[in-house]
Each structure stands twice: as C-alpha cells, then as structure tokens.
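Below is one structure, written out as structure tokens; the observations come after it.
Computation of the quantities below employed the complete heavy-atom set of this structure, encompassing side-chain atoms and omitting hydrogens, waters and symmetry-equivalent molecules. We count residues from 1, following the sequence as given. If you're wondering where the values come from, they're calculated on a predicted model, not measured in any experiment.
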Amino acid sequence: MKTAFVGKGGSGKTTLSSLFVRHLATLGVPVMAIDADINQHLGAALGLDEAESAALPAMGDRLPLIKDYLRGTNPRITSAETMIKTTPPGEGSRLLRVSEDNPVYDACARPVELDGGAVRLMVTGPFTDADLGVACYHSKTGAVELCLNHLVDGRDEYVVVDMTAGSDSFASGMFTRFDITFLVAEPTRKGVSVYRQYKEYARDYGVELKVVGNKVQGQDDLDFLRAEVGDDLLVTFGHSDWVRAMEKGRPPRFDSLEDTNRRALNLLRTAADSAHERRDRERYTRQMVHFHLKNAQSWGNERTGADLAAQVDPGFVLGESVTASV
C-alpha cells in the first residue's frame with residue numbers, strides 16, 4: 001500500500017508518518033519510508049542522530065542512476081536523458097519492488113533499525129542554497145515521483161511518504177500516486193485550510209483522502225474538526241508523552257506508546273489496507289500518462305528535445321502481475 005502524509009508546516013505530519021512507520025515495523029511487514037519533504041526531518045523522527053541523517057544519500061543527487069536503471073530495455077525511451085519525473089513505465093522498463101534488492105536501493109536506501117524491526121528509508125535530499133529555483137527543487141522530488149511510477153507493491157507491503165508541506169504536492173502528479181492520503185490537520189482555521197485546498201484539487205482524480213486530527217485536546221477541538229471536514233475525519237491524536245520524549249531524542253520503547261494513540265495508528269493501517277482493496281490499476285496508469293503528457297507539452301519536449309508523448313506504451317498497465325525487465 002502506498003500512503004502519503006500531507007498537511008501544513010508544523011501540523012505534525014512528519015511525526016505521525018514516523019509513528020505509522022514504527023507501528024508497521026512492529027507488525028513485521030516490509031516497510032519503505034520516503035522523505036519527500038524539502039525540510040528533511042523523517043530520519044530524525046525515526047531516531048537517527050544529526051550525523052546519521054546528514055549521511056543519508058539524496059535521491060535527487062542520484063537521478064541519472066535512477067533513470068538509467070528504470071529505463072531498462074524500454075524501446076520507447078531513447079535515452080535516460082529524455083526521461084523526466086513523470087515518464088511512465090512500459091514494456092522493457094525495470095520496476096521496483098518493496099522487498100527486493102536493486103541498484104536504486106543500493107544507492108539511495110538505508111536500513112533504519114527500530115525496536116520493532118528494520119525499515120528502508122530514502123530521502124530526496126535537503127534543500128540548499130544551491131537549489132534556489134523551482135526547477136531545482138522539483139528535480140529533487142521528481143526522483144521520488146519517478147520511483148513511485150515504477151514501484152509495484154502488494155498486500156502487506158507498505159510505502160509511507162512524508163510529503164512536502166502545504167499544497168506544493170500539486171506541482172506535479174505525485175499526489176495521485178497513493179492508495180490513500182492522510183492529511184494531518186490541527187483543530188484551527190489554518191489547520192484545515194490545506195484540507196480544503198487538497199480536497200478541491202484532488203476530487204477530480206479520485207484521490208482517497210482521510211483527515212487525521214492532531215494536537216486535539218478536548219471535545220471542543222474534536223467538534224471543530226468534525227464540523228470542518230465531516231466524514232473525512234478518520235481519527236485524532238492528542239498529547240503524547242512518548243512523542244515528547246522522542247522529540248527530545250530520548251524515545252522509550254515503542255510498546256510504551258499510549259493505548260489511545262496505538263489504536264489510532266491501527267485505524268490508519270486498516271484504512272490503508274481497505275484502500276488497497278479498491279485499487280484501480282487502469283486509472284492509476286491513466287493518471288500517470290495524463291500528467292506525463294501534460295508536462296511533455298508544457299516544458300518536457302522543449303527541455304529534452306524529444307517527443308515525450310512517444311514514451312507512452314498504450315498497452316501497459318502497472319500492476320502486481322507485471323514482470324519487469326532484468
């Protein structure tokens with residue numbers, strides 16, 4: 001299952017995504033965590049110290065390797081240089097699987113040991129002064145989108161992506177790459193403003209969106225969220241001594257997390273599992289192609305000097321039964 005955590009800056013989306021990753025690790029299932037936010041905090045939330053976080057390999061810096069591997073023997077892609085962030089897979093492309101070993105994971109992923117087990121962590125890389133400009137920023141998150149376009153995941157396999165804050169996710173088609181999106185919202189007017197933006201933009205694409213209330217301190221907060229987001233409210237999180245200790249760099253064992261918050265995490269997993277049952281592979285592939293053609297026309301063809309529409313394999317549908325090039 002591919003799950004995304006979104007929300008405004010400071011809403012707690014990184015904290016909750018890290019809790020979800022830890023929860024899944026206790027179940028012994030394969031988990032891949034991806035930090036797609038330009039402010040890289042997921043590694044620290046998973047217990048890495050500053051030096052360990054800084055040493056994580058940046059996907060954005062390894063984009064040529066990623067493209068060259070994923071291209072495989074796909075005859076529709078004339079070179080890795082003509083691949084852009086939305087290039088879809090086709091016959092001959094190499095696909096990524098959650099539990100396998102491959103050159104992309106060797107270069108970009110690192111294991112993180114949690115007290116419930118190990119997970120794979122990949123990061124876009126930090127946003128630096130050298131990355132000023134929209135094109136540079138999206139080249140980093142584009143590495144994540146390209147990998148998601150070529151990723152095949154099955155039941156009881158989880159991909160958890162900590163997305164960019166606010167509505168920046170709409171700068172590409174990456175917001176359609178998930179079985180379910182958890183929007184983290186505080187019980188404030190600003191807290192639900194991103195929800196309204198996301199809901200409005202995503203409704204035409206069939207994005208399954210559930211709101212996770214955070215920093216909910218009482219019935220008044222709960223009533224506010226219910227009034228603002230209605231049935232999209234899935235669950236809420238309140239104060240957590242475990243989270244406070246984690247934020248100080250001294251997390252206790254995860255099995256000491258409060259029962260109410262543990263039950264909330266289990267509801268997130270149940271929602272993700274249920275979304276997998278409703279997965280529409282043809283629509284998923286169709287949306288991938290839609291955004292690729294849109295980007296090809298608006299900037300991709302000019303930038304690469306190629307007709308990127310020709311990269312689309314009309315008979316290809318990304319699904320669990322698809323075999324990849326070797």
Side-chain angles (χ1 to χ4, degrees), residues 2 4 6 34 36-38 58-72 74-96 104 122 124-125 127 131-152 159 161 163-178 181 197-198 200-207 280-318:
K2 299 184 183 78
V6 301
I34 302 177
D37 197 342
I38 58 172
M59 297 175 69
D61 293 341
R62 290 154 177 82
L63 197 52
L65 180 150
I66 293 172
K67 290 180 177 182
D68 188 61
Y69 179 77
L70 297 179
R71 176 191 171 208
N74 187 337
R76 296 175 180 273
I77 303 175
T78 57
S79 69
E81 288 73 23
T82 62
M83 293 181 73
I84 62 174
K85 62 184 180 179
T86 51
T87 294
E91 188 69 29
S93 296
R94 290 192 180 101
L95 305 178
L96 305 174
V104 172
M122 297 201 298
T124 63
F127 187 67
D131 295 320
L132 292 176
V134 173
C136 293
Y137 157 49
H138 287 130
S139 72
K140 289 184 176 291
T141 59
V144 177
E145 185 169 358
L146 196 58
C147 285
L148 290 176
N149 280 356
H150 290 75
L151 180 63
V152 179
V159 180
V161 182
M163 296 281 279
T164 55
S167 57
D168 280 356
S169 302
F170 301 133
S172 70
M174 192 158 66
F175 74 98
T176 66
R177 302 296 85 202
F178 305 99
T181 295
Q197 287 180 297
Y198 220 102
E200 180 66 26
Y201 196 85
R203 69 161 40 97
D204 292 336
Y205 297 95
V207 172
D280 186 338
R281 295 169 181 83
E282 291 187 357
R283 184 183 71 186
Y284 185 88
T285 304
R286 188 167 59 248
Q287 290 175 341
M288 192 189 312
V289 169
H290 166 78
F291 282 101
H292 180 62
L293 294 178
K294 183 177 180 180
N295 283 339
Q297 184 175 15
S298 62
W299 59 267
N301 289 346
E302 181 178 356
R303 183 174 300 177
T304 63
D307 176 13
L308 300 185
Q311 294 179 343
V312 175
D313 184 342
F316 184 89
V317 175
L318 185 65

Side chain to side chain contact (heavy atoms under 4.5 Å, CB included) evaluation trace for V207 with Y201: CA-CA 9 Å; V207 172; Y201 196 85; over 6 Å; no
Full working for side chain to side chain contact (heavy atoms under 4.5 Å, CB included) between L148 and F178: CA-CA 9 Å; L148 290 176; F178 305 99; 3.9 Å; yes
T181 vs Y198, side chain to side chain contact (heavy atoms under 4.5 Å, CB included): CA-CA, chis, key distance, verdict: CA-CA 10 Å; T181 295; Y198 220 102; 4.2 Å; yes
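Here CG of L70 is found 8.5 Å from CZ of R94. Values are rounded to the nearest 0.5 Å. Rounding to the nearest 0.5 angstrom, the gap separating the CZ atom in R76 from the CG atom in D313 is 4.5 Å. How far OG of S298 is from CG of L293: 10.5 Å, rounded to the nearest 0.5 Å. Within the model, atoms CD of Q287 and CG of N149 stand 11.0 Å from one another, a figure rounded to the nearest 0.5 Å. Rounding to the nearest 0.5 Å gives a distance of 4.5 Å between CE of M83 and CD1 of I77. Within the model, atoms CZ of R286 and CG of L318 stand 13.5 Å from one another, a figure rounded to the nearest 0.5 Å.
Side chain of R177 to backbone of Y284: a donor-acceptor contact under 3.5 angstrom is found. At distances below 3.5 Å, at least one donor-acceptor pair connects side-chain atoms of N301 with backbone N or O atoms of L308. Formation of a donor-acceptor pair under 3.5 Å by the R71 side chain with backbone atoms of T78 is found in this model. Looking only at distances, no side-chain donor or acceptor of D68 sits under 3.5 Å from a matching main-chain atom of A80. Of the possible donor and acceptor atoms, one in the side chain of Q311 sits under 3.5 Å from a partner among the backbone N and O of T82.
Among T164, I38, V144, the one residue that satisfies the side-chain contact (heavy atoms from CB on, under 4.5 Å) test with T124 is V144.
Ring planes of H290 and Y205: tilted class, angle from 30 to 60°.
Residues E145 and T86 have side chains in contact (heavy-atom distance under 4.5 Å, counting atoms from C-beta outward). Residues N295 and K85 meet the side-chain proximity criterion, which asks for heavy atoms closer than 4.5 Å. At a threshold of 4.5 Å between non-hydrogen side-chain atoms, the residues R62 and V104 do not count as touching. Here the side chains of P88 and T285 are not in contact, with every heavy-atom distance at 4.5 Å or above.
Shown here for N74 and G90, the closest heavy-atom pair between the two residues is ND2-N, 3.4 Å. The nearest pair of heavy atoms linking G206 to R283 is O-NH2, 3.3 Å. The heavy-atom pair separating L146 from K67 by the smallest distance is CD2-CG, 3.6 Å. Between M59 and I34, the closest heavy-atom pair is SD-CG2, 4.5 Å. Closest approach of G125 to A58, counting heavy atoms only: CA-CB, 3.5 Å. Heavy-atom minimum distance, C147 versus I66: SG-CG2, 3.9 Å.
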